[in-house]
Each structure stands twice: as structure tokens, then as C-alpha cells.
Amino acid sequence: MIKLAFYGKGGIGKSTTVSNVSAALAEKGYTVMQIGCDPKADSTINLRREPEKAAVLDLLREKNQETTLEEVVTRGYRDVLLVEAGGPTPGLGCAGRGIIAAMEFLDDKKAYEVYHPDVVLFDVLGDVVCGGFAMPIREGYADQVYILTSGEAMSIHAAMNIALAVEMFQKRGYATLGGVIVNRRMVNQEEERIAKLCKDIHSSVVGILDFSKTVQEADDRHQTVIEAFPDSYAANMYRRLAEELLENAHD
Amino acid sequence: MKKATKKTVNEAADWAGANSALYELGGLVIVHDASGCNSTYATHDEPRWDQIPSLMFISALTEYDAILGNDQKLIDQVVEAAEELEPRFIALYGSPIATVMGTDFIGIAREIETITGIPAFGLKTSGMNSYIHGASQAYQMLVKRFVKPSDHHTGINLLGVTPLDHYGSAVHLRRFGAAHGMVSCWSMGCIWQEITDAGQAAVNVVVSADGLAAAEEMEERFGIPYCVGVPIGTAGSKAMSELIEHKKGFLHSRKPGHRIVLIGEPVQMHTLAWVLEQRGWDSFRVVSASEQHVGNMVQTEFEEEIAKAAADAEIVIADPLLRPICPPQARFIALPRVAYSGRMYLNEIPDLVEEAGDAWLEANQL
């Protein structure tokens with residue numbers, strides 16, 4: 001089983017990218033599970049088919065340990081298994097601790113043994129801002145971390161922070177840094193900035209995603225480009241990225 | 001308020017169960033919690049505290065450590081203590097505060113092991129589960145990390161002998177074990193080599209739910225089968241000897257009902273029901289807070305639910321501190337447990353093994 005976590009500055013396109021990678025892998029016949037680790041519970045919108053299911057934490061709030069796996073796992077486009085961790089009531093509780101609770105719930109209920117996914121993708125909110133958001137890279141969860149970034153200064157800054165956190169946790173046997181995925185925003189000296197980032201964090205670019213209106217159009221339909229525009233350049237871009245991630249994982 | 005405790009008390013928590021399991025084994029045990037909370041364990045749950053030295057510490061977690069995630073302070077302190085004390089192993093686990101912080105004890109233990117070279121492990125305790133949950137994890141971890149496989153199997157391991165459940169019977173249980181070629185007794189009166197040699201046993205004898213996970217782990221890893229029950233009274237002792245010979249089985253009554261309600265640790269209570277059945281009684285209900293279901297039992301830790309389960313009983317066998325919620329018309333037979341009333345009735349905790357058990361049963365007209 002391959003387990004990958006995706007981090008990056010808020011709004012950089014993590015959910016869009018992860019959903020398209022899920023769709024591309026499912027298209028190739030893999031059983032994929034996508035786990036949204038964001039209190040907003042919006043990671044899997046573009047893959048959903050069935051009526052929306054409650055997030056793990058919503059159910060834990062209502063039913064506590066009586067919550068079942070079937071209540072939180074839904075099947076989406078090409079049977080991608082979809083889970084949303086969810087979060088506390090806005091303004092209350094602790095979102096990071098919520099992620100830990102949701103991940104532990106999946107573990108306790110043996111989600112990976114029950115559904116046997118070939119690939120698990122953790123789509124994690126933004127930066128590693130607290131212990132809770134490091135949960136998907138703890139031992140037994142993701143094996144590799146991918147950082148999404150553009151050449152924008154704030155995005156590079158977040159990428160640096162994430163890489164530092166990943167490096168710091170190596171002593172604890174956490175996930176390793178798999179590489180950088182560039183979501184181009186066509187800012188000045190974008191390539192040079194990314195190259196410097198990679199040098200600073202001792203990593204490399206594993207995929208480049210060009211800015212695409214097709215992706216936006218698919219987003220508007222709440223679909224991935226793989227589904228909405230399967231023959232498009234953008235769809236092939238995500239297919240290439242998915243292949244690259246698989247190869248990296250097998251290395 | 002249905003889950004509030006108004007007339008009774010709480011059972012020992014998971015981290016106290018883990019402490020109890022590891023107490024005599026020469027490891028450095030760190031409970032990540034605010035200073036002062038160890039007094040609950042030392043003064044209530046651990047009768048060995050003033051008799052046998054042990055390397056058990058509380059990390060003295062502060063508010064800012066919690067807010068700022070100051071794991072490094074904990075790691076530095078544990079490393080320093082380990083270098084000074086040279087323990088056999090290092091165990092780290094948490095309290096409710098560490099749980100709310102989401103401290104990763106498994107990752108921290110890995111880091112400490114890398115620095116010190118001493119085997120270190122983390123357990124998932126939260127202070128919100130029963131002691132059985134903590135003791136089970138501790139014993140299972142000992143199997144995973146320290147028990148050596150063996151090509152030759154003979155004798156038995158007694159699994160689940162802690163003062164929390166077997167304070168009055170521990171010495172006698174060891175004697176029963178010795179008569180069956182005991183390899184190890186987990187873990188009152190246990191020396192470290194017993195733990196590492198436990199893979200040599202031919203059968204595991206689970207005498208409390210604390211030992212079930214370890215028995216399952218040893219069955220999976222080393223192919224050692226297990227049986228479940230306690231040699232209570234001469235009848236129970238004889239029956240356990242037969243289970244040991246057959247290398248399987250679970251002593252429990254097959255006459256469910258609500259006439260006799262037994263509240264406590266489930267392996268002990270099921271065995272007691274079986275023994276009572278042999279003595280002509282019937283209609284038994286076992287009630288336990290153990291998250292690990294053992295046989296047919298009512299699983300609850302809540303006062304109202306315990307009271308409901310015992311409402312129609314003619315006889316209730318339970319810790320004396322449960323008396324206020326038991327029906328007044330029922331005959332109440334006190335069976336104190338350290339896991340429930342701590343040291344309050346320490347001298348009244350009976351030895352239930354073999355003839356001593358018969359004497360207790362007869363004294364209570366059972």
C-alpha cells in the first residue's frame with residue numbers, strides 16, 4: 001500500500017491536485033482512498049457521487065465510538081474511497097486534535113485492512129501548524145510527503161516550513177519528503193525561486209502543473225478534469241503526475 | 001447526567017494499569033502529565049509503592065509545555081534520567097492532558113531509543129479508559145519487543161497477575177503456576193528473565209483481561225495456545241488444570257440471568273460464576289468496565305447502568321464501594337479490588353485460589 005501526504009499553502013490547489021491524482025490512479029485500475037484532513041471537509045467535493053456523507057468528526061460528535069466505517073467512507077468517481085476528517089465547531093475546540101482523532105478512528109476501525117486501498121492520499125490543510133497537522137506523516141500513516149507550491153513568496157515560505165517540519169521529524173521515523181509539485185502561477189522568476197527552494201530543502205521537483213482554465217471549468221462543475229475533460233492537456237498533466245508519484249513511491 | 005458518578009468511584013485508569021503491569025520490571029516509566037497526578041497512582045492504585053522501588057516518574061508537564069509542544073524538554077529529561085539510571089527499557093505514555101495535546105509517544109520513544117540505545121516504546125493511554133486497556137497494551141508490547149522465540153515449549157505463563165485484580169491471590173497464583181511448570185508470571189513477583197523466556201511456555205493461562213492481548217500476540221508470533229480462567233476454589237483449580245492440559249478453553253457459566261450479578265474484572269467474575277454454578281447456583285450476569293469484552297457481559301463503567309444491571313439481583317458480588325447503588329433487597333457480598341477501592345480494603349481482599357477460595361465461598365454462604 002502506498003500512502004502519500006500533500007501539504008502546501010492554503011489556496012495553492014492541493015485538493016484539486018489530489019482529487020485529479022486520485023481520479024488518474026483510479027482510471028488506471030488502482031483502488032484509491034482520499035482522506036481530506038481539513039476542518040472545512042471540502043477535499044473530495046470534485047469526486048463525490050453519492051449524497052454527501054458526514055465527516056468523521058461530525059459523526060464522532062454525535063455518536064462517539066458507535067460510529068462505523070461505512071458511515072464515513074463513501075465511493076466517488078471510479079469508486080475512489082472518500083473520507084473527510086472534518087473539524088470542530090468553527091471558533092471552538094481544536095482543529096489539529098480533531099485530525100488526530102479522525103486518523104485514530106480510521107486506524108481503530110481498520111479502514112485500510114477493510115478497504116484494501118492500493119494508494120492512500122492524505123490531503124492536509126496548509127502548513128504543519130501544530131501537532132495535529134503532523135498526524136498524517138506519523139509512523140503508520142503516510143510514507144512520503146509532497147509539497148505543493150508556486151513561485152509566490154508566501155507559498156515558498158510555507159513550503160520551507162513544511163520541509164523543516166518533515167526533516168525535524170525524521171528522528172521519530174515519520175514520512176520522508178518525496179518532492180515538490182509546482183502549481184505554476186506565472187509569477188516573476190518562478191522557476192528560479194522553485195529551484196532555490198529545492199536546493200534549500202534538499203529536494204527536487206516531481207511534477208509541474210501549468211495554469212489551466214480547463215481545471216477551473218472542471219472545478220466549477222465539481223468534477224476533476226480527468227472526468228470532465230478526459231482528453232484535455234490538463235487531464236494528461238495530472239496523469240503524468242500520478243505516474244511520477246507511483247514511480248517515486250516504488251523507488 | 002446519566003454518566004455522572006454520584007455515589008460510587010471510578011476504576012483505575014489505563015495509565016495506572018500500564019504502571020501496574022510494568023512496575024517490577026526495571027524499566028524507566030514516564031507518564032506525561034502535570035506534577036501531582038502520580039499521587040493518585042501511588043496512594044490508591046499501587047500497594048507496592050512503599051514496598052518495592054520502581055523507576056516511575058511523572059514528567060511535570062506545565063501549561064506552556066502543553067501550549068508550545070515542548071517535546072524536546074521531555075526527551076532531554078528522559079535521556080538524562082536514562083543515562084543516570086540505566087533502565088532495561090523506557091516506556092512513555094500519557095494522561096488526559098497529553099491526549100488533548102495529541103503527544104506522539106511512539107515517535108518520541110523512537111527518538112529516545114536512537115539517542116540512548118535503550119529499548120523504548122510508547123503506549124496509547126489517555127486516562128479515559130479502564131486500567132485493563134493500559135495493562136493490556138503494556139503486556140502486548142513486552143511480547144513484541146522482548147519475548148524470545150523458542151523451539152521447545154513446556155510449562156505455562158500466567159498472564160494478568162497485577163495487584164489491581166489479584167492482590168489477595170497473587171502469591172497463591174504463583175504457587176499454582178509453579179505446580180504447572182511456570183515459566184513466567186506477568187508480572188507480580190516477576191524477574192525480567194521470566195518475561196524474555198516466556199516464549200518457552202507450552203500454554204498461556206490468562207488470569208485477567210489484562211493478559212488477553214499478550215496471549216493473542218504470543219499465539220500469533222510463537223504459536224503458543226492459551227486458556228482463560230482463574231483457579232478459584234478447588235473446583236476452579238481442577239478445571240484450570242484440565243484447560244492447561246487441553247491447552248484451550250474459558251471458564252464461564254452457561255446459565256445466564258440476573259439472579260447473581262458479579263461486578264468486576266471479567267475473567268475473574270466469569271470464573272466465579274462457573275464455580276458457583278458447580279456449587280448449585282444459577283442465573284448469572286457479569287458486569288465490567290473492561291473495554292475488552294470477555295464472554296457474555298454487560299460492558300459499562302457508568303453508575304446508572306451498573307445499578308440497572310444489578311436491579312433485580314438476589315445476590316450482588318462486588319467491591320464494597322459499589323454497595324450504595326446495589327438494590328437493598330439483594331444480599332451484597334463484598335469482594336474488594338485495588339482497581340476499584342484502592343487501598344481502602346486492602347486487608348480484606350481475599351485469596352480466592354484453591355482451598356482458600358473454598359473457604360471464602362463458604363464464609364459467604366455461596
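Predicted model only: the values in this text are computed from it and were never measured. We name chains A, B, ... by the order of the sequence lines, and we start the count at 1 in each one.
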Next item on the list: Output yes when A/E84 and A/R48 qualify as a salt bridge under the 4.0 Å nitrogen-oxygen rule, no when they do not.
Entry: yes
Next item on the list: Indicate yes or no: does B/E304 engage B/K308 in a salt bridge with an N to O separation below 4.0 Å.
Entry: no
Margin query: Check this for me: does any side-chain nitrogen of one of B/R145 and B/E113 sit under 4.0 Å from a carboxylate oxygen of the other?
Written below: yes
Margin query: Under a 3.5 Å distance rule, please check whether A/S19 uses its side chain to pair with a backbone N or O of A/T16 as donor and acceptor.
Written below: no
Check: Applying a criterion of heavy atom separation less than 4.5 Å, what residues of residues 100-111 of chain B form contacts with chain A?
Finding: B/V100, B/M101, B/G102, B/T103, B/D104, B/I106, B/G107, B/I108, B/R110, B/E111
Notebook entry, point to check: What is the distance from atom CD1 of B/I306 to atom CD1 of B/I325, rounded to the nearest 0.5 Å?
Noted result: 5.0 Å
Next item on the list: Could you point out which residue of A/V120, A/L121, A/L81 forms a side-chain contact (heavy atoms from CB on, under 4.5 Å) with A/V32?
Entry: A/L121
Next item on the list: Could you list which of residues 63-79 of chain B have a heavy atom closer than 4.5 Å to any heavy atom of chain A, in residue-number order?
Entry: B/D71, B/I75
Margin query: Applying ring pair (Phe, Tyr, Trp, His ring centres under 6.0 Å) as the test, list every pair that has at least one member in residues 143-181 of chain A; sequence neighbours left out.
Written below: A/F6-A/Y146, A/F169-A/Y174
Next item on the list: List in chain and number order the residues that pass ring-ring contact (aromatic ring centres under 6.0 Å, His included) with B/H270, two or more places apart in sequence or in another chain; answer none if no residue qualifies.
Entry: B/F250
Note to self: Do A/V73 and A/L82 have side chains that approach each other closer than 4.5 Å (heavy atoms only, starting at C-beta)?
What the structure shows: no
